[in-house]
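Have a look at the structure below before the remarks.
Every chain is numbered from 1, with letters handed out A, B, ... down the list of sequences. Note that this is a predicted model, so its numbers are computed, not measured. For the numbers below, each heavy atom of this structure counts, side chains included, while hydrogens, waters and symmetry mates do not.
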2 protein chains.
Amino acid sequence: MNNSISQELNFFLLLAKTQSMLTRRFDNNLGGLGFNEFMILFYLSQSKEEKMRRIDLAGKLGLTASGITRLLIPMEKIGWVKREPYTEDARVSFVSLAKGGKNKLADESMEDAENLAKDLLPPATKTKDLETFSLLLSTMSGTIG
Amino acid sequence: MNNSISQELNFFLLLAKTQSMLTRRFDNNLGGLGFNEFMILFYLSQSKEEKMRRIDLAGKLGLTASGITRLLIPMEKIGWVKREPYTEDARVSFVSLAKGGKNKLADESMEDAENLAKDLLPPATKTKDLETFSLLLSTMSGTIG
DNA sequence: GCATTATACTTGATTAATCAAGTATATATC
DNA sequence: GATATATACTTGATTAATCAAGTATAATGC
């Protein structure tokens, strides 16, 4: 039996496990919003004119274009986001933050997310380490393309 | 517009994005094994007598018991794992590594996973940092319960 | 300008995984 | 030792997300 495993692979196994648990935790504690839905509303709220191309949203969440299409369907129905055609390039359609989504985010979910984030990190976590780790994550997600 | 977001929450958003991309990458490059399937075969191969309780497997992957039940159904059918009843506690059933699964892992997937892991990490990643992050991740997943 | 290639998005079919509820067994409490 | 609670697992219903293929439009190369 060969029991050896590299530190690198071990890191990815741990990452997968942790992220599964984290996603479930976020999904259940954002006042009725799923984590992905929260991220969509949040990124829209941060963007210029509160609207983004669907493909850019996909990039932000690390999902496929298809995944975004499907995520947005119920959100549009409920009135959290709106579809905005784009005349300069007919392939593109923008998603914009609708009133309902803006309220949903502001009233509760944003605060819930912030509180959860602070609760989840071990109290001893060093700011400096968090920075290093964040940088590693951006580099990886930038590289994976 | 309130554009502020804590470093902590930002970290979790980045983590989610990166993990989505990573999972897709692993899923498509382990010689026909999904990432979760790979992890199951791997953890079984590492465990005593190459068998584990389903609930412990769930813990290792960060999934629910239900998720594990469903993951194992096709794997059992294909002959990668076997179900083993446990007389000392009739609630429990063990999963063991079957011949097919053992071969699948040894012939290709283990090597693929190791190579991928090394490819995905930025070359400049410091061993020391990787250790720190791994520790942070274990602490978090241990705490989340 | 025409043909090729690339981009943005949607859709059908499928797979993955959750939750809530249910079954069966074991453990603890009184 | 009967009752209540906890644990391990499965199942039905549902939601999430993929891939592969298709549509439509735009950009590139010659």
(request) Round to a whole Å and report the spacing from CG of A:Leu57 to P of D:dA17. (result) 12 Å
(message) Can you measure B:Glu37 atom CD to C:dA16 atom P for me and round it to whole angstrom units?
(response) 6 Å
(message) Taking salt bridge (Lys or Arg N to Asp or Glu O under 4.0 Å) as the definition, give me every residue that meets it alongside B:Glu108, ordered by chain and number, with sequence neighbours left out.
(response) none
(message) Please tell me whether B:Glu50 and B:Ser96 have a donor and an acceptor in their side chains that are separated by less than 3.5 angstrom.
(response) no
(request) Establish, from distance only, whether the side-chain atoms of B:Thr127 and B:Glu131 form a donor-acceptor pair under 3.5 Å. (result) no
(request) With sequence neighbours excluded, tell me which residues meet side chain to side chain contact (heavy atoms under 4.5 Å, CB included) with A:Ala117. (result) B:Glu8, B:Leu9, B:Phe12
(message) For A:Thr139, give me all partners under side chain to side chain contact (heavy atoms under 4.5 Å, CB included), at least two apart in sequence or on another chain.
(response) A:Leu135, A:Thr143, B:Pro122
(request) Measure from CG on B:Asn36 to C1' on D:dA17 and round the result to the nearest Å. (result) 14 Å
(request) Write down the distance between CG (B:Leu71) and P (C:dT18), rounded to a whole number of angstrom. (result) 9 Å
(message) To the nearest 10°, give me the bend of the helix from C:dG1-D:dC30 to C:dC30-D:dG1, comparing the axes of its five terminal pairs at either end.
(response) 40°
(message) Quick check for you: to the nearest 0.5 Å, what is the distance between B:Asp129 atom CG and A:Leu136 atom CG?
(response) 8.0 Å
(message) Just to verify, what does B:Asp89 make a salt bridge (Lys or Arg N to Asp or Glu O under 4.0 Å) with, not counting sequence neighbours?
(response) B:Arg91
(message) Within the 4.0 Å heavy-atom criterion, would you say A:Asp27 contacts the bases, only the backbone, or no part of the nucleic acid?
(response) nothing
(request) Could you run through nucleotides 2-15 of chain C and give me one letter per nucleotide, 5' to 3': B if any protein heavy atom sits under 4.0 Å from the base, S if only the sugar-phosphate is that close, - if neither? (result) ----BBSSBBBB--
